[in-house]
Amino acid sequence: MKEFFAFQWHITDYCDQRCKHCYIFNNEHVTDLKTVSYEDAEKIFLNCLDMCNVINRNPFFFLTGGDPLLHPDFFKIIDLFKKNHIKFGILGNPFHLDQDLCNGLHEAGCIAYQLSLDGLEKTHDYFRMPGSYQNTLESIKYLKNSGIKVNIMSTVSKINMNEIPELIDVAVANNVDTFSFARYCPEEFDEESHITPLEYKEFLSKCWDKFNEYKDSETNFNLKDHLWTLFLYEKGLFKIPKDLDDDVIYDGCNCGNSHITILPNGDVCACRRMESCIGNIFDENIVSLFTSRKMDEYRQYESFEKCSRCELLRFCRGCPAVSYGYTGNMYSPDPQCWKIIE
């Protein structure tokens, strides 16, 4: 089976939430919201399929936004996937889901739907909007009844980190298929949300204990944050394999590797969580953009100021987007990495 190439495709900016950590609505005066037309969406879709034929990968699409369900031609777009026998996932909100809609999504080829829980009810509704927590739990039932896998994703900061272990209990109790979290990317250093390196290490330890407690449950725990590699390395649970090619990157951030983001206006980004536009899909085909010099800027692994001196360079590298958020430099040291490099 060929390896996958993932497209995170933002088909619209429109959303009926105003989450406090959203990168689209981080400016309360945002008015320039974009939605890709169906005609352009079809061109983008076929362009992505052509790219995967060239690089010999299987395409996988994550439709998102904004809220992709709010796109006026959403059902025409997902019909493209059905006609081409392409499975896809959705990163979306719970508010417009019901049993009939979830059944239709599954019929069209949706195999996974990612919902967010950013803490227990009071905290989550603070980040999102009143009623969002309960609505999310209700939507989990609709999705699972339809045969769609449910992924719960949390955005972690100092504000909610102490609630995440108990949130793991909630995910397991609701038979979620996958639970994961990623760190909040601030626009600059933010004392309120900042987690110190040792605090983050302790947080990972508490989550690891929970994951082991539920190792026989139906829930899979995706170690999405690459600092998990450092955590497991120090516990002796990850070992650097012998006889590896020194020129190969084996794991860590997929920026510039097997993932790309497409915005509603056609801009192509190496990563949506930081400023990383490499061009526009309507000006140049996507395989040319992916193999361009501009994209190569995100493959300069020797440029990582701290990681390049670490034995885990080819497996970890922390989160470049978080580093960028703190300093404006993706190669600066990960602000939550606790490893001391001599």
Side-chain angles (χ1 to χ4, degrees), residues 1-12 36 40-69 71 73-93 102 104-116 143-144 146-153 176-180 182 220-226 249-264 266-273 276 278 281 285-291 295 298-299 321:
M1 183 177 178
K2 291 184 291 186
E3 293 185 14
F4 281 93
F5 190 93
F7 300 94
Q8 183 175 322
W9 187 9
H10 295 247
I11 60 176
T12 182
V36 66
D40 283 342
E42 187 174 24
K43 293 175 185 176
I44 290 172
F45 178 75
L46 295 175
N47 197 329
C48 293
L49 296 192
D50 287 343
M51 172 182 171
C52 287
N53 285 331
V54 171
I55 65 174
N56 195 31
R57 298 280 190 94
N58 283 319
F60 191 84
F61 292 82
F62 294 96
L63 292 179
T64 188
D67 187 344
L69 297 182
H71 192 290
D73 291 315
F74 173 76
F75 294 100
K76 288 178 66 176
I77 290 174
I78 64 173
D79 196 48
L80 286 172
F81 293 88
K82 185 176 181 180
K83 289 177 179 177
N84 287 272
H85 308 289
I86 302 292
K87 303 297 184 183
F88 63 94
I90 294 176
L91 317 179
N93 295 331
C102 291
L105 291 175
H106 183 260
E107 172 66 20
C110 179
I111 61 173
Y113 199 108
Q114 179 174 293
L115 294 165
S116 295
L143 291 163
K144 289 190 68 69
S146 71
I148 297 174
K149 291 185 179 298
V150 179
N151 302 334
I152 290 295
M153 175 72 177
V176 165
D177 294 281
T178 301
F179 177 87
S180 61
N220 173 60
F221 301 104
N222 180 6
L223 307 185
K224 184 178 178 67
D225 192 321
H226 306 300
I249 295 297
Y250 290 92
D251 205 347
C253 176
N254 285 321
C255 186
N257 179 3
S258 59
H259 173 275
I260 213 164
T261 297
I262 306 168
L263 302 185
D267 281 349
V268 176
C269 301
C271 174
R272 186 61 184 97
R273 282 156 52 91
S276 60
I278 60 169
I281 199 170
N285 68 60
I286 197 166
V287 70
S288 296
L289 292 172
F290 184 68
T291 56
M295 189 59 140
Y298 300 91
R299 305 183 180 110

Query raised in the report: NE2 of His10 to NE2 of His71: how many Å apart, nearest 0.5 Å?
Result: 13.5 Å

Report task. Give the minimum heavy-atom separation between Ser146 and His106, together with the two atoms involved. Result -> O-CG, 3.2 Å

Report task. Flag the pair Ser180 / Asn151 as yes when at least one side-chain heavy-atom distance between them is below 4.5 Å, and no otherwise. Result -> no

Query raised in the report: Got a second to check how far His259's NE2 is from Cys269's SG, nearest 0.5 Å?
Result: 10.0 Å

Query raised in the report: Roughly how far, to the nearest 0.5 Å, is the CD atom of Gln8 from the CZ atom of Phe61?
Result: 12.5 Å

Query raised in the report: Taking all atoms of both residues into account, what is the closest heavy-atom pair of Leu143 and Cys102, and its distance?
Result: CD2-SG, 3.5 Å

Report task. Determine whether more than 12 heavy atoms belonging to other residues, nucleotides or ligands lie under 6.0 Å from atom NZ of Lys144. Result -> yes

Requested in this report: For the pair Phe81 and Trp9, name the ring-plane relationship: parallel under 30°, tilted 30 to 60°, perpendicular over 60°.
Outcome: tilted

Query raised in the report: Taking the side chain from Ser258 and the backbone from Asn254, do they hold a donor-acceptor pair closer than 3.5 Å?
Result: no

**Report entry** Residue pair Pro59 / Phe45, side-chain heavy-atom distance below 4.5 Å
**Finding:** no

**Report entry** Side-chain (Ser276) to main-chain (Cys271) donor-acceptor, under 3.5 angstrom
**Finding:** yes

Report task. Measure the CD1-CD1 distance between Ile278 and Ile281 for me, rounded to the nearest 0.5 Å. Result -> 10.0 Å

Requested in this report: Find out whether Met51 and Arg57 are in side-chain contact, i.e. whether some heavy atom of one side chain is under 4.5 Å from a heavy atom of the other.
Outcome: no

**Report entry** Least distance between heavy atoms, Leu91 atom then Pro68 atom
**Finding:** O-CD, 3.7 Å

Query raised in the report: For Leu105 and Phe88, which heavy atoms make the closest approach, and how far apart are they?
Result: O-CZ, 4.4 Å

Query raised in the report: Is the Phe60 ring parallel, tilted or perpendicular to the Phe62 ring (thresholds 30°, 60°)?
Result: perpendicular

Query - Nearest atoms (heavy-atom pairs only) where Met295 meets Gly256 - result: CE-CA, 3.9 Å

Requested in this report: Taking Asp177 for its side chain and Val150 for its backbone only, find out whether a donor-acceptor pair lies under 3.5 Å.
Outcome: yes

Report task. Go through Val287 and Asp50 one step at a time and tell me if the side chain to side chain contact (heavy atoms under 4.5 Å, CB included) criterion holds. Result -> CA-CA 8 Å; Val287 70; Asp50 287 343; over 6 Å; no

**Report entry** Identified side-chain contact (heavy atoms from CB on, under 4.5 Å) counterpart of Ile262 within the set Val36, Leu289, Ile44, Ile11
**Finding:** Ile44

Report summary line: Residues Tyr113 and Leu69: closest non-hydrogen pair is OH-CD1, 3.6 Å

Report task. Show your reasoning for whether side chain to side chain contact (heavy atoms under 4.5 Å, CB included) applies to Thr178 and Lys149. Result -> CA-CA 8 Å; Thr178 301; Lys149 291 185 179 298; over 6 Å; no

Query - From CD1 (Ile90) to CG (Asp67), nearest 0.5 Å - result: 9.0 Å

Requested in this report: Look at the side chain of Asn47 and the backbone N and O of Ile286, then say whether any donor-acceptor pair between them is shorter than 3.5 Å.
Outcome: yes

**Report entry** Side-chain heavy-atom pair Leu63, Ile78 within 4.5 angstrom cut-off
**Finding:** yes

**Report entry** Spacing of Thr64 atom OG1 and Gln114 atom CD [to the nearest 0.5 Å]
**Finding:** 8.0 Å

